[in-house]
Asks: 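Got a structure here, written out as structure tokens. Questions coming.
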Amino acid sequence: MRLKELLHYTYIFPVLAVGYYFSGLMGGGVINDIIAGLLLTGSVLSAVHHAEVVAHKVGEPFGTIILALCITIIEVALIISLMVAGGDQAITLARDTVFAAVMIILNGILGICILVGGVKYHEQFFARTSATTYLVSIVSILVLTLVLPNFTSSVNGPFYNEAQLIFISIACLVIYGVFLMVQTVRHRSYFIVPDEHPEEHYIPSLNKTLISFGFLVVCLIIVVLMAKGLSGTIEGMVQSIGAPKSLVGVIIAGVVLLPEGVAAIRAARSNQIQSSLNLALGSALASIGLTIPAVSTVCIVYDIPLVLGLDKKDIILLSLSVFIVMLSLSRGKTNILYGTVLLVNLAAYIFTVIVP
């Protein structure tokens, strides 16, 4: 690569963010935190750019799968590190983080994509078979992991015992594994919209793709680390307005999901709503389908209690969100109403977190 390309902001911001994070300046005051926030934002935009480079090289749906898996793996690492450090005080951390991520993805990212695309193009079209394939997998895993624990009787409360955790973890991995096979091998055509102008797309070289993949991983890691480093500041801000501490988890989940969100919205603005769906629904499926087995394994090894079952309010909000998404994606085309309703659902979720 030429020196001019390496001086692009997508290479400079991650390097500056890494240096700033390890300099120990974060948390040193308002100015320092503002600088950290700017570097974090630049790293998010850089991650989106490098993800698009990789996606152009490997093609769909592999490009969206790579971004979803990278963010999910880092999210899992963050949750596990906080749970091991927090012990019994972190027994609801995995549930709250996964639930927040799913609600933000289904209502926020998907809602903005549909609304933005609807405003610009009136209607956008996608393969209904892809949406159905995603939702069948997502709904099954959501019910098994976040709803069913409230109704089992082996252990009192919203818990699974060890045998149940092992079974549910295997079930999640089986569903996600078969889904990946369907998406990438047997029914790959479900997730691809034929390109009418393939000659217009630039295919990056292998060297540039490998460099972008490396920077993508660096960007995602530094976004999570800086979000974790700013969590104290965010928590202080949340407490200053008198909001519950659970709002911190929602904010952190939103920051971690920014790269996927920005990439999905940019795809919708380019009239590529299928790519937006692949990113949003694929991220939701990977987030819950991989996080729960990983966290369950750690909890079994370290003998940490794990609360998975949602309370009644959250079950209602989750059911409403899934139902509206299913209706919105049932016709194979979108309009601004679907996006608006989903964003109202997200606002209701966040509002009831602040005012339970």
Asks: How far apart are the closest heavy atoms of Phe191 and Gln183, and which atoms are they?
Replies: CE1-CA, 3.4 Å
Asks: Write down the atom of Ala101, the atom of Ser287, and the distance for their closest heavy-atom approach.
Replies: CB-OG, 3.9 Å
Asks: Using a 4.5 Å cut-off on heavy atoms from C-beta on, say whether the side chain of Ile350 contacts that of Leu346.
Replies: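 Contact flag for Leu346/Ile350 side chains = yes.
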Asks: Please report the interatomic distance CD1(Ile288) to OG(Ser283), rounded to the nearest 0.5 Å.
Replies: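 Result: 13.0 Å between the selected atoms.
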Asks: Determine whether Tyr176 and Leu180 make a side-chain contact, defined as any pair of heavy atoms from C-beta on separated by less than 4.5 Å.
Replies: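 In short, these two side chains touch, coming nearer than 4.5 Å.
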Asks: Identify the two heavy atoms, one from Asn150 and one from Gly309, that lie closest to each other, and give their separation to 0.1 Å.
Replies: OD1-CA, 3.6 Å
Asks: Please assess Met103 against Leu318 for the test side chain to side chain contact (heavy atoms under 4.5 Å, CB included), listing each intermediate value before the final yes or no.
Replies: CA-CA 7 Å; Met103 293 296 285; Leu318 179 63; 4.3 Å; yes
Asks: In Å, rounded to the nearest 0.5 Å, how long is the span from CE of Met26 to CD1 of Ile35?
Replies: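 So the CE of Met26 and the CD1 of Ile35 are separated by 11.0 Å.
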Asks: Less than 6.0 angstrom separating the ring centers of Tyr349 and Phe99, yes or no?
Replies: yes
Asks: Check whether the side chains of Gln274 and Ser130 place a donor and an acceptor atom closer than 3.5 Å, and report yes or no.
Replies: yes
Asks: Between Phe179 and Leu285, does the side chain to side chain contact (heavy atoms under 4.5 Å, CB included) criterion hold? Intermediate values first, please.
Replies: CA-CA 9 Å; Phe179 169 82; Leu285 180 57; 3.4 Å; yes
Asks: State, to 0.1 Å, how close Leu308 and Ile292 come at their nearest heavy-atom pair, and which atoms those are.
Replies: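 That closest heavy-atom pairing would be CD2-CD1, 3.8 Å.
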Asks: Please check if the distance between the ring centroids of Tyr160 and Phe167 is under 6.0 Å.
Replies: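 Here the rings of Phe167 and Tyr160 have centres that are no less than 6.0 Å from each other.
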Asks: Counting only heavy atoms not in Tyr121 (residues, nucleotides, ligands), do more than 12 fall under 6.0 Å from its OH?
Replies: yes
Asks: Which heavy atom in Ile109 sits nearest to a heavy atom in Ala280, and how many Å separate them?
Replies: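 Result for this residue pair: CG2-CB, 4.1 Å.
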Asks: Enumerate the side-chain hydrogen bond (donor to acceptor under 3.5 Å, both in side chains) contacts for residues 25-37, please, sequence neighbours excluded, ordered by first and then second residue.
Replies: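 Non-adjacent pairs meeting side-chain hydrogen bond (donor to acceptor under 3.5 Å, both in side chains): Asp33-Thr233.
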Asks: Which residues, ordered by chain and number, are linked to Val116 in its hydrophobic cluster, where ILVMFWY side chains connect at heavy-atom gaps below 4.5 Å, directly or through other members?
Replies: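 Direct or chained contacts put Val116 with Ile112, Leu115, Val119, Ile265, Ile336, Leu343.
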Asks: Say you draw a straight line from OG1 of Thr334 to CD1 of Ile114; how long is it, rounded to the nearest 0.5 Å?
Replies: 6.0 Å
Asks: What pairs meet the salt bridge (Lys or Arg N to Asp or Glu O under 4.0 Å) rule with one or both residues in residues 260-275, with sequence neighbours excluded?
Replies: Glu52-Arg266
Asks: Are the aromatic ring centres of Tyr11 and His50 under 6.0 angstrom apart?
Replies: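 Tyr11 vs His50: aromatic centres under 6.0 Å.
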Asks: Tell me yes or no: between the side chains of Arg331 and Tyr338, is some donor less than 3.5 Å from an acceptor?
Replies: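 Arg331 vs Tyr338: donor-acceptor pair found between side chains.
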Asks: Do you know which two heavy atoms are closest between Val15 and Phe215, and how far apart they sit?
Replies: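 In terms of heavy atoms, the two residues are closest at CG2-CE2, 4.2 Å.
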Asks: What distance separates Ile222 CD1 from Ser46 OG, expressed to the nearest 0.5 Å?
Replies: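 Ile222 atom CD1 to Ser46 atom OG measures 11.5 Å (nearest 0.5 Å).
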Asks: Could you measure the distance from the CG atom of Leu281 to the OG atom of Ser276? Nearest 0.5 Å is fine.
Replies: 10.0 Å
Asks: Assess the side chains of Ser321 and Asn107: does a donor N or O sit below 3.5 Å from an acceptor N or O?
Replies: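 Yes, Asn107 and Ser321 have a side-chain donor paired with an acceptor closer than 3.5 Å.
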Asks: Measuring from Ile273:CD1 to Gln124:CD, what's the distance to the nearest 0.5 Å?
Replies: 4.5 Å
